[in-house]
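One structure is given here, and the rest of the page talks about it.
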Amino acid sequence: MLITKTYHDVPTKLDPNGRPIRIFVIAPNVPGYPNAKFPGVVVFSEIYQVTGPVERFAGQIASQGYVIEKEVAGYDEDATLALDLLCSLKNCNGRIAATGMCLGGHLAFRAAFDRRVLSSVCFFATDIHSATLGKGKNDDSLVRVRNGDLTGKGELVMIFGKQDTHVPRAGRDLIRKTLEDANVPTSFLEVQAQHAFIRDESSKGRWDAALTRSLFSVMMEVFERTVGRDLGERVDNGGFNNIGYRTPSIRPQ
């Protein structure tokens with residue numbers, strides 16, 4: 001599927017100089033269907049912001065039929081602004097997922113606190129286990145999970161390399177246990193890879209193309225199942241779905 005690339009400069013209240021946040025939009029383009037609508041995915045960039053690997057990653061998702069927003073240099077307010085913009089686009093149907101790598105993986109994790117996000121796929125998300133995201137290094141991601149802020153919301157997929165020195169085994173175990181204890185519907189994947197293994201440029205020899213392709217398929221299965229189809233309003237009958245966990249109740253924000 002063809003794609004187009006544009007950007008929006010959105011005002012933010014938190015910048016002391018009044019500078020806007022730039023949000024890039026990569027969207028499917030179907031010639032002859034100007035009113036086509038698609039689900040949306042917010043792609044959170046890594047610490048290096050607008051890089052070739054992130055843009056190509058986002059472009060691959062968009063070419064599968066998703067409107068992509070690539071959010072740059074910001075945290076919770078910027079995530080909200082990205083979601084607001086995505087939902088306002090005429091070619092987005094309002095069904096939203098999120099993903100990101102490294103720092104962006106943590107931001108995709110936090111985006112899941114917003115009820116509009118029906119699934120998040122987080123690649124080697126940093127600083128969750130150590131609560132060291134952002135200024136002050138005292139983020140509350142796992143605290144919020146323990147408080148139930150992810151319970152009853154969307155589906156979460158956490159993907160880590162077992163040789164990732166940024167998120168050691170103890171950190172991965174802490175994240176997994178916290179999510180399971182809070183009854184968050186989570187798939188937790190640990191693969192034989194290092195940190196940044198999906199970066200096809202400047203990866204310091206860690207890029208694994210075959211593994212990246214495989215996990216991209218996993219991500220697209222999650223997106224297709226959670227936001228790619230509109231099944232109507234879910235009716236909670238207290239049952240379990242076909243993969244063993246109690247299905248969450250998704251409600252508009």
Side-chain angles (χ1 to χ4, degrees), residues 1-5 25-30 33 35-44 53-71 79 82-83 86-87 89-101 104-105 107-109 111-112 114-125 150 152-160 179 184-189 191 198 209-236 239-253:
M1 190 177 296
L2 301 176
I3 59 176
T4 61
K5 299 179 182 179
V25 178
I26 306 175
N29 177 27
V30 184
Y33 293 88
N35 299 315
K37 292 184 180 293
F38 306 93
V41 179
V42 179
V43 177
F44 291 92
V54 173
E55 186 166 352
R56 288 188 288 273
F57 178 67
Q60 289 181 58
I61 300 173
S63 69
Q64 300 289 325
Y66 295 83
V67 182
I68 304 299
E69 287 197 334
K70 184 156 55 98
E71 185 274 327
L83 288 165
L86 188 54
C87 289
L89 298 177
K90 69 175 185 178
N91 60 343
C92 180
N93 65 11
R95 299 182 61 79
I96 311 299
T99 188
M101 62 182 78
L107 299 181
F109 182 94
D114 192 307
R115 290 190 180 278
R116 292 174 293 182
V117 177
L118 304 184
S119 61
S120 287
V121 179
C122 310
F123 289 89
F124 39 89
L150 276 184
K153 294 185 179 176
E155 181 175 342
L156 197 65
V157 179
M158 306 299 296
I159 300 173
F160 292 103
L179 290 168
V184 178
T186 306
S187 296
F188 205 98
L189 307 180
V191 296
I198 68 173
L211 185 57
T212 298
R213 182 173 62 250
S214 177
L215 292 173
F216 186 86
S217 297
V218 171
M219 177 179 66
M220 295 313 301
E221 185 279 326
V222 174
F223 289 169
E224 175 65 19
R225 177 165 46 79
T226 57
V227 301
R229 296 185 179 92
D230 187 351
L231 302 180
E233 185 177 353
R234 197 184 78 83
V235 177
D236 188 356
F240 287 78
N241 67 12
N242 62 357
I243 59 173
Y245 54 71
R246 187 178 296 277
T247 52
S249 176
I250 306 300
R251 299 181 295 275
Q253 188 182 47

Over all heavy atoms of both residues, which pair between [X] and [Y] is shortest? Give the atoms and the distance, please.
X: Asn29; Y: Met1; value: O-CG, 4.2 Å
X: Pro185; Y: Gly154; value: CG-O, 3.5 Å
X: Gly105; Y: Ala125; value: C-CB, 3.4 Å
X: Leu86; Y: Val41; value: CD2-N, 3.9 Å
X: Lys37; Y: Asn93; value: CB-CB, 4.3 Å
X: Gly65; Y: Pro39; value: O-CD, 3.7 Å

Measuring from atom [atom1] of [X] to atom [atom2] of [Y], what distance do you get when rounded to the nearest 0.5 angstrom?
X: Leu189; Y: Ile159; atom1: CG; atom2: CD1; result: 5.0 Å
X: Arg115; Y: Leu150; atom1: CZ; atom2: CG; result: 10.0 Å
X: Thr212; Y: Met219; atom1: OG1; atom2: CE; result: 10.5 Å
X: Thr99; Y: Ile68; atom1: OG1; atom2: CD1; result: 9.0 Å
X: Ile26; Y: Thr4; atom1: CD1; atom2: OG1; result: 9.0 Å
X: Ile3; Y: Gln64; atom1: CD1; atom2: CD; result: 11.0 Å

pair [X]-[Y]: side-chain heavy atoms closer than 4.5 Å:
X: Val25; Y: Glu69; value: yes
X: Pro28; Y: Leu2; value: no
X: Arg95; Y: Leu118; value: yes

Apply ring pair (Phe, Tyr, Trp, His ring centres under 6.0 Å) to [X] and list each qualifying residue two or more places apart in sequence or on a separate chain.
X: Phe57; result: Phe123
X: Tyr66; result: none
X: Phe124; result: His195, Phe197

Taking side-chain hydrogen bond (donor to acceptor under 3.5 Å, both in side chains) as the definition, give me every residue that meets it alongside [X], ordered by chain and number, with sequence neighbours left out.
X: Lys5; answer: Glu55
X: Arg56; answer: Asp200, Glu201
X: Thr226; answer: Ser119

Under the side chain to side chain contact (heavy atoms under 4.5 Å, CB included) test, residues paired with Ser214 that sit two or more places apart: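 Scan of Ser214 (side chain to side chain contact (heavy atoms under 4.5 Å, CB included), adjacent residues dropped) gives none.
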Restricting to side chain to side chain contact (heavy atoms under 4.5 Å, CB included), what partner residues turn up for Ala209, sequence neighbours left out?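 Trp207.
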Going through the checks in order, is the side-chain contact (heavy atoms from CB on, under 4.5 Å) test met by Ile198 and Leu215? CA-CA 9 Å; Ile198 68 173; Leu215 292 173; 5.6 Å; no
Could you check whether any side-chain N or O of Lys153 sits under 3.5 Å from a backbone N or O of Asp114, counting only pairs where one atom can act as donor and the other as acceptor?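 Side chain of Lys153 to backbone of Asp114, a donor-acceptor pair under 3.5 Å: no, none is there.
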